[in-house]
Amino acid sequence: MPAPLASALLDWYDAHARTLPWRAAPGTSAPDPYRVWLSEVMLQQTTVAAVKSYFAEFTRRWPTVTALAEAPEGEVMAAWAGLGYYARARNLLACARVVAARGGVFPDTEDGLRALPGLGAYTAAAVAAIAFGRRAVVVDANVERVVSRLFAVAEPLPGSRPAIRRHADAITPELRAGDFAQAMMDLGATICTPRSPRCLLCPLSASCAARKTGEPERFPVKAAKKPKPQRNGRAFWIARNGAVWLVRRPDKGMLGGMRALPDDGWSAKGDGSGEAPVSGSWEPGGTVAHGFTHFGLDLDLLIYRGNDWAGLGAEQGEWWPVERIDEAGLPTLFAKAARLALVSTGVEA
DNA sequence: TACTCGTGGCC
DNA sequence: TGGCCAAGAGT
């Protein structure tokens with residue numbers, strides 16, 4: 001018999017669960033672990049709205065974990081372009097290959113899942129509970145918010161995480177732990193929202209300590225965050241015979257493994273050098289303002305008007321057809337810069 | 001532990 | 001309109 005709180009939440013979930021592409025239809029058999037895993041990785045720090053089209057495209061191109069495991073890395077990275085946190089894509093493929101090597105069967109325990117690339121404490125618990133019916137304590141940002149309100153946790157995040165986990169453990173039922181986790185996340189996404197929580201619609205309002213304070217939106221308490229530095233950098237548009245010079249970024253670091261315009265080495269730690277990859281005349285092509293999580297970047301685009309191609313070797317990059325630039329899989333920053341270049345070179349209005 | 005790592009939507 | 005926020009993981 002579940003505790004009253006879990007029971008009330010599951011009743012609410014049975015009536016109000018969101019319909020999402022990676023969820024099994026109500027009353028049907030257990031969901032496909034591949035789809036659960038894929039969706040959970042895509043949803044890490046990413047909104048449902050942003051994930052939907054990527055999930056549809058990935059499952060269309062790679063319907064099984066074995067199919068994904070056989071995909072070339074470049075195709076997977078390009079398919080992930082725009083979704084952000086690109087280490088996820090590398091780990092996704094690495095994980096798929098591990099699972100494929102064991103017959104395409106995911107481990108069905110939390111510990112087994114936790115050992116896979118890209119599965120941390122949250123994702124391992126979520127897949128164990130949702131795909132395999134295991135009791136696991138699933139704690140994401142929604143659960144942190146809901147729990148910190150239910151118990152009016154006064155200590156600020158992230159220091160309060162151990163206490164929040166203990167509270168979450170205490171209210172997680174033995175049965176339907178996967179539904180319970182998804183119910184907590186749906187509640188956090190639709191009712192117990194960061195601002196202006198809709199307590200009048202909440203199935204747990206009678207048990208909520210934060211509501212009793214009259215200011216539930218004050219929870220979770222959070223530590224002050226560091227100011228974001230502002231950086232300047234350059235990206236370079238070098239076009240020749242309808243093709244543009246693209247490089248592949250190193251696997252480690254920002255936008256790792258992604259195709260990109262050459263740049264001058266800007267980073268979170270400092271401005272770029274200003275140095276161009278080839279000598280000759282350059283013309284300003286405009287500026288892209290882009291906000292990363294931990295710094296802001298003003299990226300000046302420079303367009304090449306010279307004809308000295310000697311410094312561009314095939315081991316450093318590739319000529320990519322300008323009319324197919326959308327298929328290059330550029331991360332959003334460079335996609336914006338490419339759009340600017342197309343405007344200022346008159347290729348596109 | 002604290003830092004790094006994207007992006008788009010929201011008010 | 002700019003800071004806040006999102007189904008976190010890796011180091």
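Within every chain, numbering begins at 1; the chains are lettered A, B, ... in the order of the sequence lines, protein sequences first and strands thereafter. Heavy-atom basis, side chains included; hydrogens, waters and symmetry copies ignored. Keep in mind that this is a model prediction, so the values were computed, not measured.
Defined by atom type and a distance below 3.5 Å, a donor-acceptor pair is missing between the side-chain atoms of Arg88(A) and Asn91(A).
To the nearest angstrom, C1' of dT7(B) lies 12 Å from CE of Met258(A). In this structure, Lys226(A) places its NZ atom 13 Å from C1' of dC5(B), rounding to the nearest Å. What separates CE of Met42(A) from C1' of dT7(B) is a distance of 14 Å, to the nearest Å.
No close placement of the Trp245(A) and Phe236(A) rings is indicated, their centers lying 6.0 Å or farther apart. Here Tyr304(A) and Trp237(A) keep their ring centres 6.0 angstrom or further from each other.
With both ends at atom C1', the span from dT1(C) to dG8(B) equals 15 Å, rounded to whole Å. With both ends at atom P, the span from dA7(C) to dA2(B) equals 23 Å, rounded to whole Å.
For the atom pair Ile191(A) CD1 and Arg198(A) CZ, the distance stands at 5.0 Å (nearest 0.5 Å).
Of the possible polar contacts, none joining the Arg114(A) side chain to the Ala124(A) backbone as a donor-acceptor pair under 3.5 Å is found.
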Report task. Produce a footprint string for nucleotides 3-11 of chain C: one letter per nucleotide, 5' end first; B if the base is under 4.0 Å from any protein heavy atom, S if only the sugar-phosphate is, - if neither. Result -> -SSBBBSS-
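Within the 4.5 Å cutoff, no side-chain heavy atoms of Leu38(A) are placed close to those of Arg35(A).
Judged by closest nucleotide on DNA chain B, Pro158(A) is the one of Pro158(A) and Gly256(A) placed further toward the 5' end. Residues Gly253(A) and Ala49(A) both approach DNA chain B. Their nearest nucleotides, taken by heavy-atom distance, put Gly253(A) toward the 5′ side.
For the pair His290(A) and dG6(B), the criterion of a side-chain N or O lying under 4.0 Å from OP1 or OP2 is not met. Checking the phosphate oxygens (OP1, OP2) of dT4(B), no side-chain nitrogen or oxygen of His294(A) falls inside 4.0 Å.
At least one cation-pi condition fails for Arg176(A) and Trp12(A): the charged atom is not both under 6.0 angstrom from the six-membered ring centre and inside a 45 degree cone around its axis.
Using a 4.0 Å heavy-atom cutoff across all strands shown, Leu83(A) reaches at least one base atom of the nucleic acid. Counting non-hydrogen atoms under 4.0 angstrom, Lys269(A) reaches the backbone sugars and phosphates but no base.
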